[in-house]
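Just the heavy atoms: all of them, side chains too, but no hydrogens, waters or symmetry mates, feed the values below. Note that ligands are numbered from 1 as they come in the structure, with each ligand's atoms numbered from 1 the same way.
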Amino acid sequence: MCSKITNTPIGLKLRVLHRVRLVIAAIVRFFFCLYYGTEGKKLPPIQDDILKLPAVEVARKIRQMEISSVEIVEACIRRIKDVNSVVNCFVEDRFTMALKEAREADELVRSGQMNTKQLAQEKPFLGVPFTTKDCIAVKGLHQTSGVVLRKDFIAEEDADVIKRLRDKGAIIIGLTNVPELCMWWETHNHIHGRTKNPYNTTRIVGGSSGGEGCMQAVAGSIFGIGSDIGGSIRMPAYFNGIFGHKPSRNIVSNKGQYPAPKSELHNSFLGIGPMTRHAVDLEPLLEIMAGENCTKLNLNQKVDIEKLKVFYQYSNEAPLTDPVDPEIIGAMKKVVEFLHVKYKVQPEEIKIDQLKKSVPIWFATMKQEKKFGHFIMESDSVSSILKEIFKNIIGCSGNTFIGLITALFDYSGTQFGSEKYKHFLKKRDDLEKTFKDILGDNGVLLYPTHPTTAPYHNEPLVKAMNFCYTAIINCLGLPSTTVPLGLSKEGLPIGIQVIANHNNDRLCLAVAKELDNAFGGWIEPGKI
Ligand SMILES: *[C@@H]1O[C@H](CO)[C@@H](O)[C@H](O)[C@H]1NC(C)=O
Ligand SMILES: *[C@@H]1O[C@H](CO)[C@@H](O)[C@H](O)[C@H]1NC(C)=O
């Protein structure tokens with residue numbers, strides 16, 4: 001059965017442009033294949049098995065003195081040193097401080113001041129090392145967001161989420177790489193360079209939490225924290241074969257993230273959330289990060305998978321995007337089949353036609369008074385941008401090429417506050433209503449996180465709009481979890497996202513846990 005929800009015609013001009021782009025992208029891919037050939041460096045295997053365990057399990061072992069926090073922090077440091085020359089995901093450490101905090105954590109356990117039950121309740125992540133991206137404030141560390149103008153900026157205070165996690169005993173060991181101003185889905189900037197995919201170093205890690213996605217895939221820290229305004233948690237989670245959750249809007253505080261959202265609307269698009277190798281870790285981390293807002297999520301309420309309403313959509317058919325890879329569709333079919341066989345649910349295929357407009361809705365509603373260029377350069381006039389593009393081409397600009405192109409394009413398209421802007425805000429409202437009606441209070445939608453596996457470096461330039469699979473979900477403020485579903489024939493991660501209605505994060509997380517068990521979840525890079 002297949003329901004089609006409203007019909008959105010696509011103009012002739014756009015259809016032609018769509019075809020032309022497909023041809024260009026195919027030609028570009030051909031040359032990238034030739035260029036990269038069989039290049040690609042292999043990662044050393046994980047030496048310490050403890051790094052493969054879920055964060056909740058590591059925490060339990062520390063509490064019960066089966067392992068010390070110092071040992072586990074040292075294992076992370078060794079692993080980061082082993083892999084970073086290959087993938088370049090880690091950009092700043094606080095190892096000395098982290099080891100000091102680890103000794104304190106071990107001391108607290110040994111002292112017997114609190115028994116294991118008390119520790120589990122009050123310090124559930126005591127002694128567990130984690131990392132976050134270089135745009136979320138960690139006191140005393142840089143917070144560059146990949147912008148050369150900010151290369152010396154040091155955060156004076158922890159972001160709200162970091163404060164909460166440290167309060168529950170977790171230990172921050174350092175920062176991971178991001179794209180310039182976190183506004184592109186390939187992780188590359190002119191301070192720290194380019195991050196490479198651990199499954200194949202010729203490919204991207206995604207963005208903007210790309211360094212973090214990679215860090216989790218290589219098991220360099222026990223869990224990670226990312227942020228997502230257009231797919232910045234879910235895309236890198238997907239390209240790196242791990243789990244990533246973007247929470248419902250207005251649940252987790254965005255305070256301490258740069259750039260900070262400038263309006264209520266943008267604040268509702270942006271979500272800070274966990275990125276992990278194991279689905280079981282997402283919920284306890286979200287619970288801490290949400291603080292008092294956690295009560296809105298009813299995380300402790302049991303989810304009956306048998307009673308879930310499951311919907312799935314294979315593609316959005318948006319112009320200028322790639323068709324969804326058959327391997328991803330195949331994986332989604334297996335999930336549908338699995339839920340049907342094991343839980344007797346009757347998944348229903350739907351086609352929400354308004355999703356074709358994902359790209360213009362996201363771009364229009366992301367517009368703000370200040371131009372993009374304002375955040376990455378001294379002067380953001382069109383002539384300065386053009387001058388900077390020239391400097392970039394001859395290799396002497398602090399800005400990335402895509403950063404400058406984004407700044408230039410910000411002058412075109414729908415302008416903030418215009419009639420067209422309002423038109424797309426309305427379209428957003430309509431689409432939100434469609435989703436609410438379909439999902440109700442007990443529904444999930446299975447949807448691609450991205451239409452292709454990880455492209456080659458720089459290839460996103462000709463595949464720019466593929467990010468709309470994740471971005472539209474930000475506009476709607478819905479919770480969504482990316483779930484890995486194994487590797488493609490080329491050895492690259494594939495997966496899907498699981499979306500639910502507002503504040504129904506627990507449904508996404510419950511399905512993610514099921515699929516982790518059934519489909520194997522994270523796979524160590526280089527193992528297969
Ligand atoms: C990485 O990708 C290149 C180019 O597509 C390919 O030739 C190579 O075999 C891949 N490496 C691995 C380890 O799969
Ligand atoms: C709870 O949500 C409100 C509204 O989004 C936000 O301002 C506040 O910071 C959140 N609290 C926490 C602990 O994140």
Enquirer: Could you work out, for atom 5 (O) of ligand 1, the closest of Tyr36, Tyr456, Tyr35 by heavy-atom distance?
Expert: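 Going through Tyr36, Tyr456, Tyr35 one by one, Tyr456 has the nearest heavy atom to atom 5 (O) of ligand 1.
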Enquirer: Between Arg194 and Glu186, does any side-chain N to carboxylate O distance fall below 4.0 Å?
Expert: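 The answer is yes: the pair qualifies as a salt bridge.
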Enquirer: Which of these passes ring pair (Phe, Tyr, Trp, His ring centres under 6.0 Å) with Tyr447: Tyr238, Tyr314, Tyr469?
Expert: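 Checked Tyr238, Tyr314, Tyr469 against Tyr447; only one passes ring pair (Phe, Tyr, Trp, His ring centres under 6.0 Å): Tyr469.
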Enquirer: Check this for me - ligand 2, Asn250, N or O atoms closer than 3.5 angstrom, yes or no?
Expert: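 For ligand 2, there is an N or O atom that lies under 3.5 Å from one belonging to Asn250.
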Enquirer: Between Asn267 and ligand 2, which part of the residue brings a heavy atom under 4.0 Å of the ligand: side chain, backbone, both or neither?
Expert: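 Near ligand 2, Asn267 shows nothing, with every heavy atom at 4.0 Å or more.
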Enquirer: Judging by distance only, is a nitrogen or oxygen of Ser253 under 3.5 angstrom from one on ligand 2?
Expert: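 N/O-N/O distance below 3.5 Å exists for this pair.
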Enquirer: Name the closest protein heavy atom to atom 6 (C) of ligand 2, giving the residue it belongs to and the distance to 0.1 Å.
Expert: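 Sorting protein heavy atoms by distance from atom 6 (C) of ligand 2 puts Asn293 ND2, 4.1 Å first.
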Enquirer: Thr195 vs Asn177, test: side chain to side chain donor-acceptor pair (under 3.5 Å). Steps then yes/no.
Expert: CA-CA 7 Å; Thr195 304; Asn177 206 17; 3.1 Å; yes
Enquirer: Can Glu287 and Lys168 be counted as an ion pair, charged N to O under 4.0 angstrom?
Expert: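 The answer is no: the pair does not qualify as a salt bridge.
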Enquirer: Short N/O distance, under 3.5 Å, between Tyr199 and ligand 1?
Expert: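 By distance alone, the answer is no.
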Enquirer: Report yes or no: do Thr144 and Asp134 form a side-chain donor-acceptor pair below 3.5 Å?
Expert: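 The criterion, which ignores hydrogens and geometry beyond distance, is satisfied for Asp134 and Thr144.
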Enquirer: Distance to 0.1 Å, residue and atom name: give those for the protein heavy atom nearest to atom 13 (C) of ligand 2.
Expert: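 The answer is Arg164 NH2, 2.8 Å.
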Enquirer: Assess the side chains of Thr434 and Gln354: does a donor N or O sit below 3.5 Å from an acceptor N or O?
Expert: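 Yes.
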Enquirer: What class does the angle between the rings of Trp185 and Phe239 fall in, given that below 30° is parallel, 30 to 60° is tilted and above 60° is perpendicular?
Expert: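 Trp185 and Phe239: parallel rings.
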Enquirer: Nearest protein heavy atom to atom 7 (O) of ligand 1, by residue and atom, and its distance?
Expert: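 Atom 7 (O) of ligand 1 sits closest to the protein heavy atom Gly37 O, 2.7 Å.
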Enquirer: Please write down residue, atom name and distance for the protein heavy atom closest to atom 11 (N) of ligand 1.
Expert: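 Atom 11 (N) of ligand 1 sits closest to the protein heavy atom Asn200 ND2, 2.9 Å.
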Enquirer: Out of the candidates Val178, Ile229, Thr400, only one should pair with Met183 under the side chain to side chain contact (heavy atoms under 4.5 Å, CB included) rule; please name it.
Expert: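 Passing option: Ile229.
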Enquirer: What atoms of ligand 1 come closer than 4.0 angstrom to any heavy atom of Thr202?
Expert: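 With Thr202 as reference, the close atoms of ligand 1 come out as 2 (O).
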Enquirer: Relative to the heavy atoms of Ile251, which atoms of ligand 2 are at a distance of less than 4.0 Å?
Expert: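 Contacts of ligand 2 toward Ile251, numbered from 1: 1 (C), 10 (C), 14 (O).
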Enquirer: With a 4.0 Å cut-off on heavy atoms, does Arg203 reach ligand 1?
Expert: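 Yes, Arg203 has heavy atoms under 4.0 Å from ligand 1.
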